[in-house]
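Here the structure is a predicted model, which means the values were calculated and not measured.
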Amino acid sequence: MNILLLGSGGREHALAWKIAASPLLTKLWCAPGNAGIAREAECVALDVADHLAVIEFCKSNAVDLVVVGPETPLAAGIVDDLAKAGIKAFGPGKQAAQLEGSKGFTKALCTEFNIPTGAYGRFTTADDAMAYVRAQGPPIVVKADGLAAGKGVVVAKTLDEAEAAIAMMFDGAFGAAGTEVVIEEFLSGREISFFALCDGETAIPLASAQDHKRVFDHDEGPNTGGMGAYSPTPFVTPEIHDQIMARIILPTVAGMKKRGTPFRGVLYAGVMLTEQGPKLFEYNVRFGDPECQVLMLRMMSDIVPAFLASCDGELKHFDLRWFPEPALTVVMAAKGYPGDYKKGTRIEGLDDAAKIEGVEIFHAGTAEKDGAIIANGGRVLNVCAMGKTVTEARERAYQAVDRINWPDGFCRRDIAWQAVEQERARG
């Protein structure tokens with residue numbers, strides 16, 4: 001098969017690596033790709049936002065399947081446009097992608113189909129939002145309704161923080177994404193990531209994972225797109241796994257079908273494990289980044305038939321196999337991220353780092369210039385490792401980090417700390 005992958009981040013490098021291993025693959029392209037992806041696929045300078053150009057490329061290169069990595073092209077309806085042109089694409093259509101594209105859409109779906117989530121309000125004016133926050137009191141969560149690259153969420157611990165977040169969003173900090181604001185009850189508990197592959201009717205669970213959103217150790221500093229992840233997480237017991245499937249994933253898939261907007265692709269539920277049981281706090285309509293990286297390392301099955309089964313409504317006849325060993329990833333980011341950071345700084349030592357047993361390095365924001373790898377984004381590298389335990393995987397990943405020579409980069413040093421503590425307690 002000829003496959004085109006859309007995207008340029010660490011998630012897409014992990015997907016390219018996994019697709020490249022499929023015996024079904026004839027040729028893999030990635031648009032626009034990055035310096036790491038170029039080792040797995042032919043990178044092409046296509047503008048992913050130009051749907052006609054993507055369709056034209058698919059037709060002239062006899063592309064059999066398009067795999068869409070990031071959320072923005074999904075929300076813009078690229079899967080619908082490809083389908084109209086007779087090209088198979090993995091991912092939800094525009095209507096179904098609203099599960100990520102609009103926080104309010106998802107909250108309304110939860111209300112309609114009795115899916116457990118926090119109490120909330122939706123607002124189109126700052127005054128109404130402020131009044132709601134004052135009535136509810138902190139801590140409270142303020143979210144831009146639309147897509148804001150993982151940055152449109154403020155967990156406000158004080159009334160001042162909540163009011164500042166509301167003002168910032170209505171002042172246009174996130175552009176059109178902030179023209180409506182959703183304010184939610186603060187859910188306390190343990191946050192996990194749960195993934196399911198869907199074909200509009202059937203959903204099959206993928207492995208569980210946990211990511212680390214805050215930029216600094218001990219969960220300090222602002223939220224980011226994710227500074228590290230590991231899989232599986234010990235906090236998703238078989239019982240909790242079944243509850244999430246029965247109360248959150250399956251009612252969502254059934255509800256979307258009932259509404260006439262069936263969901264196909266990968267459904268990523270951000271779930272808080274509260275004292276009342278698992279509650280949904282957000283949906284994403286694509287693989288998490290950096291969770292995708294650890295899932296791809298642990299997936300034993302060929303991913304290409306899974307994508308096809310999702311597109312063709314065949315998941316009821318399908319299952320996926322996983323390696324039991326844990327996988328972990330540490331994100332190396334440019335100093336200053338998630339604020340202002342410098343581009344174009346040089347990275348050395350990657351080949352040496354990759355020699356450590358169990359280590360795989362995925363590029364997230366890199367480019368190649370005069371034969372050297374340079375940083376070209378905020379989150380730049382995903383240093384991944386597998387091991388017999390989470391502790392071993394973590395040791396290998398940080399050993400690799402220490403071999404990378406990049407003075408302008410930084411990382412968290414405590415990825416998977418909760419799981420490591422549990423392993424120590426068990427001895």
Side-chain angles (χ1 to χ4, degrees), residues 1 3 5-7 11-12 14-19 21-22 24-25 64-71 74 79 82-83 88-93 95-97 99-100 106 115 192-209 211 229 231-233 236 238 241-257 261-271 278 280 282-323 327:
M1 293 183 71
I3 298 177
L5 172 65
L6 302 182
R11 164 184 48 221
E12 287 77 32
L15 289 170
W17 175 82
K18 188 69 183 157
I19 293 166
S22 172
L24 298 176
L25 183 72
D64 300 297
L65 175 68
V66 178
V67 177
V68 187
E71 62 276 15
L74 293 169
V79 170
L82 286 162
K88 194 173 285 193
F90 174 79
Q95 292 296 312
L99 281 172
E100 178 167 3
T106 294
I115 296 160
I192 61 102
S193 305
F194 194 94
F195 297 86
L197 206 55
C198 309
D199 66 3
E201 206 157 317
T202 303
I204 62 171
L206 304 180
S208 67
D211 85 333
S231 169
T233 167
V236 178
H241 178 283
D242 293 348
Q243 285 176 6
I244 292 170
M245 282 301 289
R247 298 178 191 172
I248 297 175
I249 303 292
L250 295 176
T252 299
V253 174
M256 292 294 281
K257 185 188 172 192
T261 54
F263 186 90
R264 296 182 190 89
V266 68
L267 191 55
Y268 160 12
V271 175
L280 179 78
E282 69 173 3
Y283 266 135
N284 293 321
V285 299
R286 35 75 193 178
F287 283 103
D289 187 348
E291 295 99 331
C292 181
Q293 290 81 316
V294 290
L295 293 183
M296 293 305 107
L297 285 171
R298 291 194 58 225
M299 190 183 284
M300 192 187 290
S301 308
D302 182 353
I303 200 166
V304 174
F307 287 154
L308 295 173
S310 166
C311 294
D312 298 342
E314 293 295 330
L315 283 178
K316 59 183 176 290
H317 308 301
F318 206 83
D319 71 341
L320 286 166
R321 296 173 66 212
W322 300 88
F323 291 111

Side-chain donor/acceptor pairs under 3.5 Å, residues 241-255, sequence neighbours excluded:
from, atom 1, to, atom 2, distance (Å)
Thr252, OG1, Ile248, O, 2.7
Thr252, OG1, Tyr283, OH, 2.6

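- A distance of 12.0 Å separates CD1 of Ile303 from CG of Leu24, quoted to the nearest 0.5 Å.
- For the side-chain contact (heavy atoms from CB on, under 4.5 Å) test, residues two or more places apart in sequence or in another chain that qualify with Thr233 are Ile192, Ser208, Gln210, Tyr230, Phe235, Val236.
- Among residue pairs with one or both ends in residues 299-312, those qualifying as side-chain hydrogen bond (donor to acceptor under 3.5 Å, both in side chains) are Ser22-Asp302, Lys88-Asp312; sequence neighbours excluded.
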**Request:** Decide yes or no on side-chain contact (heavy atoms from CB on, under 4.5 Å) for Asp319 and Ile204, but give the supporting numbers first.
**Result:** CA-CA 7 Å; Asp319 71 341; Ile204 62 171; 5.7 Å; no

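- Taking each heavy atom of Cys198 and Leu267 in turn, the nearest pair found is SG-CB, 3.9 Å.
- How far CE of Met256 is from CD of Gln95: 8.5 Å, rounded to the nearest 0.5 Å.
- The minimum heavy-atom distance linking Leu320 with Ala306 is given by the pair CD2-CB, 4.0 Å.
- Interatomic distance, CG of Leu15 versus CE of Met296, reported as 5.5 Å (0.5 Å rounding).
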**Request:** Check step by step if side-chain contact (heavy atoms from CB on, under 4.5 Å) holds for Phe307 and Ile19.
**Result:** CA-CA 10 Å; Phe307 287 154; Ile19 293 166; 4.0 Å; yes

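- What you find for Pro290 and Ala229 is that their closest heavy atoms are CG-CB, 4.0 Å.
- In this structure, the side-chain hydrogen bond (donor to acceptor under 3.5 Å, both in side chains) partners of Gln293, at least two apart in sequence or on a different chain, are Asp289, Asn382.
- Side-chain contact check for Pro305 versus Phe318: some heavy-atom pair is nearer than 4.5 Å.
- Annotation: side-chain contact (heavy atoms from CB on, under 4.5 Å) contacts of Asp64 (sequence neighbours excluded): Met1, Asn2.
- Here Ala16 pairs with Leu5, Leu28, Ile37, Glu40 under the side-chain contact (heavy atoms from CB on, under 4.5 Å) rule; sequence neighbours left out.
- With sequence neighbours excluded, no residue forms a salt bridge (Lys or Arg N to Asp or Glu O under 4.0 Å) with Lys18.
- Take Ala207 and apply the side-chain contact (heavy atoms from CB on, under 4.5 Å) test, not counting sequence neighbours, and it matches Ser231, Leu295, Arg298, Trp322.
- Residues in residues 197-208 take part in these salt bridge (Lys or Arg N to Asp or Glu O under 4.0 Å) pairs, two or more places apart or across chains: Glu201-Lys257.
- The ring pair (Phe, Tyr, Trp, His ring centres under 6.0 Å) test applied to Phe263 returns no partner, not counting sequence neighbours.
- The CG atom of Leu280 sits 9.0 Å away from atom CG of Leu99, with the distance rounded to the nearest 0.5 Å.
- Atom CD of residue Glu12 and atom CZ of residue Arg286 lie 9.5 Å apart, to the nearest 0.5 angstrom.
- For the pair Val271 and Pro278, the tightest heavy-atom approach, listed with the atom from each and the gap, is CG1-CB, 3.7 Å.
- Of the possible donor and acceptor atoms, one in the side chain of Glu100 sits under 3.5 Å from a partner among the backbone N and O of Val285.
- Scanning for salt bridge (Lys or Arg N to Asp or Glu O under 4.0 Å) contacts around Arg264 gives an empty result, with sequence neighbours left out.
- For the pair Val79 and Phe90, the tightest heavy-atom approach, listed with the atom from each and the gap, is CG2-O, 4.5 Å.
- Scanning all heavy atoms of the two residues, the minimum distance from Ala89 to Leu82 falls at CB-CD1, 3.7 Å.
- Taking NZ of Lys316 as the start and OG1 of Thr202 as the end, the distance is 6.0 Å to the nearest 0.5 Å.
- The ring pair (Phe, Tyr, Trp, His ring centres under 6.0 Å) test applied to Phe287 returns no partner, not counting sequence neighbours.
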